[in-house]
Number of protein chains: 2
Amino acid sequence: MATTIRDVAHRAGVSIATVSRALRDATSVTPETRARVTQAAADLEYVPSQLGRQLAQGRHAANGIVFPDLSGPYYAEVVLGYESVAAQLDRSVLILSTHGRRDADTLVTGLAARCDGLVVLGPTVDDEVVHRLNRRGTPIVLVARTPLVDVDSVNAENNASGTLLGEHLVAAGARTILFVGDPEATADVAERFAAISAAAERDGASVTVEPVSDFSEEAGVHAARQALARRRTTKSLPDAFACANDELALGLMLGLRDAGLRVPEDAIVSGWDDVMAARYAGLTTVRQPMRDLGVHAAQLLDQLINRTRETPVHEVLPTELIVRQSTTPTAGGTTR
Amino acid sequence: MATTIRDVAHRAGVSIATVSRALRDATSVTPETRARVTQAAADLEYVPSQLGRQLAQGRHAANGIVFPDLSGPYYAEVVLGYESVAAQLDRSVLILSTHGRRDADTLVTGLAARCDGLVVLGPTVDDEVVHRLNRRGTPIVLVARTPLVDVDSVNAENNASGTLLGEHLVAAGARTILFVGDPEATADVAERFAAISAAAERDGASVTVEPVSDFSEEAGVHAARQALARRRTTKSLPDAFACANDELALGLMLGLRDAGLRVPEDAIVSGWDDVMAARYAGLTTVRQPMRDLGVHAAQLLDQLINRTRETPVHEVLPTELIVRQSTTPTAGGTTR
DNA sequence: TTGAAAGCGTTACCAC
DNA sequence: GTGGTAACGCTTTCAA
C-alpha cells in the first residue's frame, strides 16, 4: 500500500526504471539485478499500484457490462460467460445494473469512463447513448438487443426456433393461440412473435396478442387471470399460450392451475429461454446459448479494443426448441 | 477521450486548476467563470479521465466482489443486492468469478489492487489470503463463509431453521433420514447438518450422511442412484432426504422419479436456499435473504472504507422454513 | 477567486 | 543493461 516502486528501487540499490523492467519480465535485465529487485519487492511486500500503471499505460485493463437485472437466470449467465473470457484476457469486469433506474444514461456514461470498452445487454439505455459513446470511440458490443448498423452485436436466433415452435403448437392441437408479451417491447420479442404467429397461422391456427410488457412471473399470473376473466364474456379460452419468455409462462401456468385448469390437458403453454425452473415445471421452451452470448461478446469486444478489426460484426447464435409436457398432452410424467 | 482538462482550460481561458474546481466544487468559483468552463467542457464533450482523478485522489471509487460462480441463482442475487447499494454510494463494482480455478489467490490479490475494498463470497479463496489482505489494510467483508474473528462477515441463520426443518421432517413421517451433502465442505453446511440432525434425532429419527461435495443437480441425481443401488443390498431406502442445497435436492427428486419412486409418497425431500425452481418443483426448503446478504455486505464495506467503524462486525440474517409438497404427503396439488 | 506548481505511482523514451 | 526523466490527467496546497 504505502510501499511504492521507489522504496523497492532504494532497497535494491537500483533505479525505479530498472525495478519496473525487472518486475515485468522485460528481457533487458541482468539475472542478478532481477534477483535483487525481486527480493527487495518481496521483502517490502510491494504490490504495484494499478492506478499508476493504468495512467501510464493509458488503459484501464477493464471491461464494462451493462444489464437490466441479474434476478432472472438469463443475464447472470451472460455475465458469467463474459467474465470468464475477460479474466482469461487478463481484464477486470465492471458491472452496472440499470434495473429500471431512469438515470441509466448517466451511469453508463460514467461506466464508459472507467473501462476500455463495454457490452450493453438488453433494454438498458437508449440507442442515442450507444451512438454517442460509439462516436466518441468507446468500443461497444450490443447483446440481446436490436442491432445498430455500425455497432457490433451478438444475438440469439429467433426465427427458425420460432417457426418450429409455432408448428409444434399447432401439431399439439392448438387452434386459438394467445401470444403473451408485447412484440413492441424489444426486437427479440417482435421476432419471436412474428415467427411463431406466421408458422401457426400458416398451419391454420389463429393468433391474438396480450401485450404484456413486464416479463415477470407475477405478470404471467396476471395474464392468466385476465384470460380467465375474459372467458366469462367470450365463453372461450385460448387453447394455447405462447409466452415471450419462461418467467411469464411459469407464472401463467401457476395462474391457470390455481383456477383448476390443467396444463397441457385444458391448455398448452410455451415459454422462451429455458431457465432452470422450466425443466422442473415441464415447460416447452426455446433454449438460448446464454453463456455463449457473453463469451462471443467478450471476444468481439477484445478485437475492438485491440483494433484487430475495423468493420462491425453482427453475430446470431443458434437456439433450440425444447419440448416438454406443457405442450404434449400424451406424454408420460417424466421430466427431462 | 483525447480532450483533457488542459483543452478545456485553454478554451475557457482559465487555468486547469480552475477547470477542476468549476466542474465539481460548487464553491470558490465565480458564476461567470463556471459558466465559461461548463460551456467549454460541453463544446469539447469533455469527460474527465477517471484514471487521472483516481490517481490524484488515491482511491479507486470501486469495490470488488469475489464469488465461485453465478450459475446458481444464489450468488447472482447476492451480487445484485451488493451492486445496488454500491451504485447508490457512487462506487463501481468489479466482479471476479473463481469458478474452481486454482490460481484464485493470485486473481483475488490482483482484484484487491484495483479497488478500495472487497467482498469475498463463499468458498473462493483460502483464509490465509483473506488474512493477508486484511493485514495489509484492504477492507474486506466475508459473506456466506466461515467468519474470521477480525474480519467483517455477513451470514444467513442456519441453526433455527435447521432445527425447524429437522422437526418438520420427523413430523412428516421421517424415521431414517439421509443428509445429502458434505458437512465438512463449508461451515454453512456443517451448521445445517448439525441443526437438522440434532432436532431429528431428538425426535426419534436416525440420520446418516452422504458426503457429496459438489452441490449440483447432477450430483443430486447421482446421490439418488447411489441410494437406490444400496437398497438392493440393504433392502431399505431412507424415507427422507435432507439436502444441503436446492440444486442437490432437485436433482435428487429427478433421480428418484426416474426410478419410479414418488415424492413425497415414497420418500420426502428437502433442500435449502429456495431458488426459483424450488417453487415449481414443490420443494420444501429454507429461504435465505440472498439479496439482503449483498446489501448488508455493501454497507459494512462502506463503513470500513470510510473508516466509520473500527471493530469487526458479524451479522447473521434470519431465514425461513418454506414447506411445500415434497414433504407433505397429504397436501393437494397446488404449488405455492 | 484564480494560477502556478507539486505531487499521485507507473511506464517508456533516450542517453550513457 | 541501467539510470535519469519526461509524460499520463487529475487534485490540491500555496501564493498572489
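Chain letters run A, B, ... following the sequence lines, proteins first, then strands; residues in each count from 1. When reading the values below, keep in mind they use all heavy atoms of this one structure, side chains included, and skip hydrogens, waters and symmetry mates. Here the structure is a predicted model, which is why all the values come from computation and not from measurement.
Five base pairs at each end of the helix from dT1(C)-dA16(D) to dC16(C)-dG1(D) define two local axes, and these are offset by 40° (rounded to 10°).
Distances from the side chain of V14(B) to the nucleotides dG9(C), dG3(C), dC10(D) place dG3(C) closest.
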Quiz item: Going 5' to 3' along nucleotides 11-16 of chain D, which nucleotides have protein heavy atoms under 4.0 Å from the base (write B), which only from the sugar-phosphate (write S), and which from neither (write -)?
Solution: BBB---
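By the neighbour-count criterion of 12 heavy atoms within 6.0 Å, atom CD of Q57(A) is densely surrounded, having more than that number from other residues, nucleotides or ligands. In this structure, D90(B) places its CG atom where only 12 or fewer heavy-atom neighbours from other residues, nucleotides or ligands lie under 6.0 Å away.
E315(B) pairs in a side-chain contact (heavy atoms from CB on, under 4.5 Å) with only one of the listed residues (D292(B), L300(B), L293(B)), which is L300(B).
As a whole-Å value, the separation of Q54(A) CD from dC10(D) P is 15 Å. Atom NE2 in H60(A) sits roughly 11 Å away from atom P in dG9(D) (whole-Å rounding). For the pair R34(B) CZ and dT1(C) C1', the computed distance is 12 Å after rounding to whole Å. Remark: P of dC10(D) and CZ of R114(A) are 14 Å apart, rounded to the nearest angstrom. We find that CG of L23(B) is positioned 14 Å from P of dT2(C), with the value rounded to whole Å. In this structure, CZ of R59(A) is placed 16 Å from P of dG9(D), rounded to the nearest angstrom. In this structure, CG of D7(B) is placed 11 Å from P of dC8(D), rounded to the nearest angstrom. At whole-Å resolution of the value, CG in L44(A) and P in dG9(C) are 14 Å apart.
Here T4(A) does not reach the OP1 or OP2 of dC8(C): none of its side-chain N or O atoms lies under 4.0 Å away. An OP1 or OP2 oxygen of dT2(C) is reached within less than 4.0 angstrom by a side-chain nitrogen or oxygen of T30(B).
Remark: D127(A) engages R145(A) in a salt bridge, criterion side-chain N to carboxylate O under 4.0 Å.
Looking at E83(B), its side chain does come within 3.5 Å of a backbone N or O of S97(A) through a donor-acceptor pair. Formation of a donor-acceptor pair under 3.5 Å by the D116(B) side chain with backbone atoms of A61(B) is found in this model. Counting only distance, with no hydrogens or angles, the side chain of Y82(B) and the backbone of G64(B) share a donor-acceptor pair below 3.5 Å.
The side chain to side chain donor-acceptor pair (under 3.5 Å) test applied to T109(A) returns no partner, not counting sequence neighbours.
Within the 4.0 angstrom heavy-atom criterion, base atoms lie near L55(B).
Checked by atom type, the side-chain pair Q54(A)/H60(A) shows no donor-acceptor distance below 3.5 Å.
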